Each structure stands twice: as C-alpha cells, then as structure tokens.
Amino acid sequence: MGKKRNNNAGSHSRSGSRTSRLVSGTAAGRSSSATGYLIHSNAPWTGTGYGVQTAALAQAIKREKETVTLSVNYGLQGGISSWEGIEVLPCGFTPYSADVLSAHTKYAEETTKKRTALITLFDCWVFKSHKIDDVPVIASWVPIDHTPAPPDVLDWCQRDNVLPIAMSRFGEQMLHNADIDSMYAPHGVDTSVFKPDATIGGAPGRSVLNIPEDAFLVGIVAANKGTTPLRKAWGENLLAMGQFMQQRDDVFLYIHSEKRGAQGGIDLVKLAHACGIPEDRLVWVDQWAYYAGLPQNVLAGIIASFDVHLMCSRGEGFGVPVLEAAACGVPSIVSAFTAQPELVADHGWVTAVQPDWDASQSAWFATPLIHAIVENLQDAYLTSVNPERRVAARSHAEFYEHSVVFDRYWKPILTEIDKRMGEA
C-alpha cells in the first residue's frame with residue numbers, strides 16, 4: 001500500500017534453457033485479466049526460514065491461482081530448474097540477485113502469458129540501488145527487526161509500485177508509525193510435521209542425539225551468519241547458558257547451527273569454551289547433515305526433544321524456529337523486542353533487554369540481558385514438568401498453520417495485488 005493514499009484502497013531437476021523467450025516489452029497474446037506471480041526469495045528446497053515460507057506460499061498460490069514462478073537469490077545458479085511443477089529462475093550476479101528481478105519478471109510474463117506481479121521475501125533494503133520501477137506491482141513481505149523501521153526500509157515501502165506486507169504485528173506498527181499503510185501476513189508452520197510426538201525415523205530425538213532421557217535439554221536453532229552486529233546475540237545466549245550449566249549438572253545444550261563461522265559468522269566452538277559450557281554436555285548438529293540439508297521431519301524430531309528453546313536475539317523480523325518449537329509443544333525464551341513476544345504469547349518467557357544502536361541501519365536493536373536469560377532458564381527448569389505450557393505452545397502455533405495463514409491473510413493480499421495490477 002506504500003504511503004497512504006486517498007483511495008479505497010520436493011525435489012528439483014534441471015530443465016532446458018529457454019532464455020530466447022526473455023525479451024523486453026509486453027508479451028503478445030497474454031491475458032490482461034489474469035495475474036501471474038513471481039516470488040523472489042530463497043529456493044524452496046533450501047530449508048532456510050525464507051525457503052520454507054517460499055515453498056508454502058508458492059504451493060498455495062499454485063493451488064489457488066495456478067500461475068506462479070520462483071526467482072531465487074540463494075540455492076540455484078547457472079540455469080533454470082523446476083520444483084513441484086513450478087519453474088525456478090536462478091540467482092543473478094549481485095549478492096541478493098536484485099539485478100535480475102526486472103528480467104525475471106519479463107521472462108515470467110513471456111512464459112505464462114500473464115501480466116506478472118513480483119512478491120519479495122527478503123530484506124527490502126537490498127533492492128534500493130536497482131532499477132525495477134518497470135515492475136508494475138511489487139508486494140514486499142518485509143522483515144522489520146529494528147525500531148524505528150530503518151530509513152532504507154521506509155524509503156522502499158513508500159514507493160508507488162510497492163505494497164508492503166508486514167510479517168509481524170510489530171513490523172506493522174513500525175510502518176504505521178511512519179504513516180505507511182500495509183497489509184499483514186505472518187509466517188507459517190506445518191503443524192503436521194512439527195508436532196509434539198515428532199520423531200526421527202521412529203526414534204526419539206534424544207536417543208539419536210545421545211542425550212539422557214532425564215536431562216534438562218535446552219536447544220538453540222539459529223543461523224550463524226553476520227558479525228557486525230551479531231544479531232543472534234550468540235555471546236549473551238551462550239554466556240547465560242554457561243552460567244546456568246555450572247549451576248545445574250543435569251543440563252545439556254544442543255546447538256543447531258554451523259559451528260566454525262564458515263558462513264560468515266563466528267567460531268561458536270571457541271565462544272562456547274570461553275563461556276564455560278561443559279564440552280561433555282554440549283551437542284552439535286551433525287555438520288555435514290546441516291550443510292547438506294536436514295529434512296523438516298528430522299528437524300521436528302530434534303526440536304520435539306527439547307525442554308525449552310532458547311532464542312534471545314537483538315531483533316527478529318519474525319523468528320520461525322520459535323514457531324516451529326511451539327508447534328512441537330516446546331516453549332521458547334526470547335527477547336522482549338520486535339516480533340519475538342508475539343510468538344511466545346503466554347506460554348514462553350520474554351527476556352529484558354537494553355537498547356543497542358545499529359549504526360549500519362540507523363535504528364535500534366536491543367541486547368538481551370544475560371542475568372535475565374539465566375533467570376528465565378532457571379524458571380523453565382523448575383517448571384518443566386508442567387504440561388500446560390506445552391499444550392498452550394501447541395495451541396498458539398495452530399493459529400499459524402500454513403493453510404490458516406493463506407486463507408486468512410494471503411487471499412485478501414492476492415486480491416489487492418490483482419486490483420493494483422488492473423490499475424497499473
């Protein structure tokens with residue numbers, strides 16, 4: 001919706017190259033009454049937070065509207081592919097592939113014979129220096145993890161051809177504070193996969209991880225990417241865990257992340273040692289399996305084995321692992337900032353924070369307080385036998401089931417996109 005206006009307003013396989021169809025201008029013979037959709041995000045088979053959401057949305061649009069194409073900024077290079085009967089266009093040359101968006105949109109129009117709207121699921125500030133004004137409608141499913149919303153985010157969201165879609169109520173409020181109207185659609189979860197009784201091939205998660213059944217298991221599911229700032233607050237989380245584990249000898253920690261900083265992050269092994277975390281009670285995800293891509297049902301079996309999920313970050317556009325944990329009946333400890341409290345509702349723990357200026361975005365993050373994390377870990381430990389939290393977590397997650405999110409939020413959004421395409 002941009003700036004407020006005076007209106008009422010599975011597997012993938014390589015396919016042959018068809019780049020000869022990619023020409024400028026309008027496509028002869030295309031339908032002027034129907035809209036095609038091009039989603040630009042991570043590849044749907046990657047297993048990243050964005051990839052999982054892309055997969056769910058693309059499948060739902062295909063069922064509802066039939067015509068959808070995918071444009072990839074991570075997960076495919078060197079040629080056109082397909083996934084679940086949906087054509088997938090490869091990465092461009094720039095880091096976030098914004099350089100190919102205009103061309104990919106034209107290609108989608110040529111192949112589908114429909115005027116095509118672009119849906120982006122990524123940080124929108126990456127698009128600011130690229131010329132994509134020729135795309136008639138851009139629906140940006142935008143993460144906002146600062147307060148106020150960073151200037152580059154606001155500049156993008158108030159463009160005439162941009163329809164901002166907030167993925168959290170916090171993000172929606174940040175846009176409203178800047179007098180920018182938006183629509184809302186949260187991320188979703190597959191509650192048939194992420195469920196309290198999820199296993200790994202029929203085996204309990206703890207038996208696969210070699211963690212004692214009577215241990216108190218804390219899990220961290222978070223990407224190890226970026227260093228300035230360290231958005232996932234690894235130092236604060238692990239130092240709090242070190243202090244907590246020194247007090248309780250039956251506490252184990254499982255970390256689901258790349259541990260040596262190979263993806264542009266930090267050396268978590270050195271950090272864990274510096275934080276005093278006992279090595280004999282620290283379990284890592286198998287690094288090759290993590291790199292190759294763990295199936296969602298395996299991840300669900302791991303998460304379902306947690307007593308509590310720890311994810312206190314400096315800022316989250318949404319925070320999918322918190323939702324996945326809730327679907328497994330596992331409460332989370334999060335920071336009292338951005339989207340995080342929305343996802344734990346009254347079944348988890350919200351950790352006190354202090355403001356943390358992010359000079360690169362000209363807006364505030366928030367650092368979780370270590371002593372407050374420890375206090376919440378202690379409370380989780382003492383109340384872990386209470387099943388009510390687990391039941392409440394699962395009930396809350398069911399509001400975010402993919403089909404519920406699509407029917408309640410995405411159908412009105414697609415109607416608005418179609419309307420704008422008719423006016424463009």
Side-chain angles (χ1 to χ4, degrees), residues 205-206 209 211-222 224 230-257 259 268-269 271-285 302-316 319 321-326 328-338 340-354 356 366-393 396:
R206 293 196 182 200
L209 298 173
I211 294 172
E213 188 61 34
D214 59 352
F216 181 82
L217 178 58
V218 180
I220 298 178
V221 180
N224 181 16
L230 199 60
R231 185 171 66 85
K232 294 298 184 180
W234 282 107
E236 288 77 12
N237 283 283
L238 294 191
L239 186 53
M241 277 304 304
Q243 294 177 9
F244 178 55
M245 294 174 79
Q246 294 297 330
Q247 300 169 14
R248 306 277 186 180
D249 61 9
D250 59 344
V251 173
F252 279 67
L253 172 63
Y254 169 83
I255 298 180
H256 193 87
S257 194
K259 64 183 185 180
L268 294 177
V269 176
L271 176 60
H273 178 75
C275 291
I277 294 176
E279 292 185 14
D280 62 340
R281 288 188 277 143
L282 172 59
V283 180
W284 299 90
V285 62
I302 292 172
I303 292 176
S305 71
F306 299 168
D307 286 295
V308 69
H309 173 239
L310 176 60
M311 189 176 164
C312 295
S313 75
R314 283 180 167 80
E316 290 291 334
V322 175
L323 184 57
E324 292 171 340
C328 292
V330 176
S332 291
I333 301 172
V334 301
S335 295
F337 188 58
T338 58
Q340 299 169 80
E342 299 173 28
L343 300 185
V344 301
D346 58 355
H347 66 265
W349 293 265
V350 177
T351 303
V353 298
Q354 68 178 25
D356 183 359
T367 300
L369 303 180
I370 295 168
H371 76 272
I373 299 175
V374 175
E375 290 173 0
N376 284 334
L377 285 166
Q378 293 282 16
D379 191 55
Y381 180 93
L382 295 173
T383 61
S384 62
V385 296
N386 184 351
E388 293 182 3
R389 282 190 186 273
R390 301 182 77 90
V391 172
H396 186 65

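Because the structure is a prediction, the values reported are computed rather than measured.
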Check: Between Arg390 and Val330, is a side-chain contact (heavy atoms from CB on, under 4.5 Å) present by the stated rule, with each step listed?
Finding: CA-CA 6 Å; Arg390 301 182 77 90; Val330 176; 3.6 Å; yes
How far does [atom1] of [X] sit from [atom2] of [Y], to the nearest 0.5 angstrom?
{"X": "Leu253", "Y": "Glu279", "atom1": "CG", "atom2": "CD", "result": "12.5 Å"}
{"X": "Ile333", "Y": "Asn376", "atom1": "CD1", "atom2": "CG", "result": "5.5 Å"}
{"X": "Leu217", "Y": "Ile211", "atom1": "CG", "atom2": "CD1", "result": "4.5 Å"}
{"X": "Leu382", "Y": "Arg248", "atom1": "CG", "atom2": "CZ", "result": "5.5 Å"}
{"X": "Arg389", "Y": "Trp349", "atom1": "CZ", "atom2": "CH2", "result": "4.0 Å"}

Considering only heavy atoms from C-beta outward, does the side chain of [X] approach that of [Y] to under 4.5 Å?
{"X": "Leu230", "Y": "Arg314", "value": "yes"}
{"X": "His371", "Y": "Gln243", "value": "no"}
{"X": "Leu268", "Y": "Ser257", "value": "yes"}
{"X": "Phe252", "Y": "Leu209", "value": "no"}
{"X": "Pro331", "Y": "Val344", "value": "no"}
{"X": "Cys312", "Y": "Glu236", "value": "no"}
{"X": "Val322", "Y": "Val334", "value": "yes"}
{"X": "Ile255", "Y": "Leu238", "value": "yes"}

Nearest atoms (heavy-atom pairs only) where [X] meets [Y]:
{"X": "His309", "Y": "Ile220", "answer": "CD2-CA, 4.3 Å"}
{"X": "Ala304", "Y": "Cys328", "answer": "CA-CB, 4.0 Å"}
{"X": "Phe337", "Y": "Gly315", "answer": "CD2-CA, 4.1 Å"}
{"X": "Cys275", "Y": "Gly235", "answer": "SG-O, 4.3 Å"}
{"X": "Gln246", "Y": "Gly276", "answer": "NE2-O, 2.6 Å"}

Does [X] use its side chain to pair, donor to acceptor, with the backbone of [Y] at less than 3.5 Å?
{"X": "Asp250", "Y": "Asp214", "result": "no"}
{"X": "Arg281", "Y": "Val251", "result": "yes"}
{"X": "Glu324", "Y": "Ile303", "result": "no"}
{"X": "Thr338", "Y": "Glu316", "result": "yes"}
{"X": "His396", "Y": "Glu342", "result": "yes"}

Next item on the list: Please lay out, stage by stage, how Gln340 and Ser313 fare under the test side-chain contact (heavy atoms from CB on, under 4.5 Å).
Entry: CA-CA 9 Å; Gln340 299 169 80; Ser313 75; 3.5 Å; yes
Next item on the list: Take Ile373 and Leu310 through the side-chain contact (heavy atoms from CB on, under 4.5 Å) test and state the conclusion after the steps.
Entry: CA-CA 9 Å; Ile373 299 175; Leu310 176 60; 3.9 Å; yes
Item checked: Asp307/Arg206 ion pair, N-O < 4.0 Å -> yes
Next item on the list: Classify the angle between the aromatic ring planes of Phe244 and Tyr381 as parallel (below 30°), tilted (30 to 60°) or perpendicular (above 60°).
Entry: perpendicular
Margin query: Parallel, tilted or perpendicular: which one describes the rings of His256 and Tyr254, with boundaries at 30° and 60°?
Written below: tilted
Next item on the list: With side-chain contact (heavy atoms from CB on, under 4.5 Å) as the test, would you mind laying out the steps for Ser332 and Met311 before giving the verdict?
Entry: CA-CA 7 Å; Ser332 291; Met311 189 176 164; 5.7 Å; no
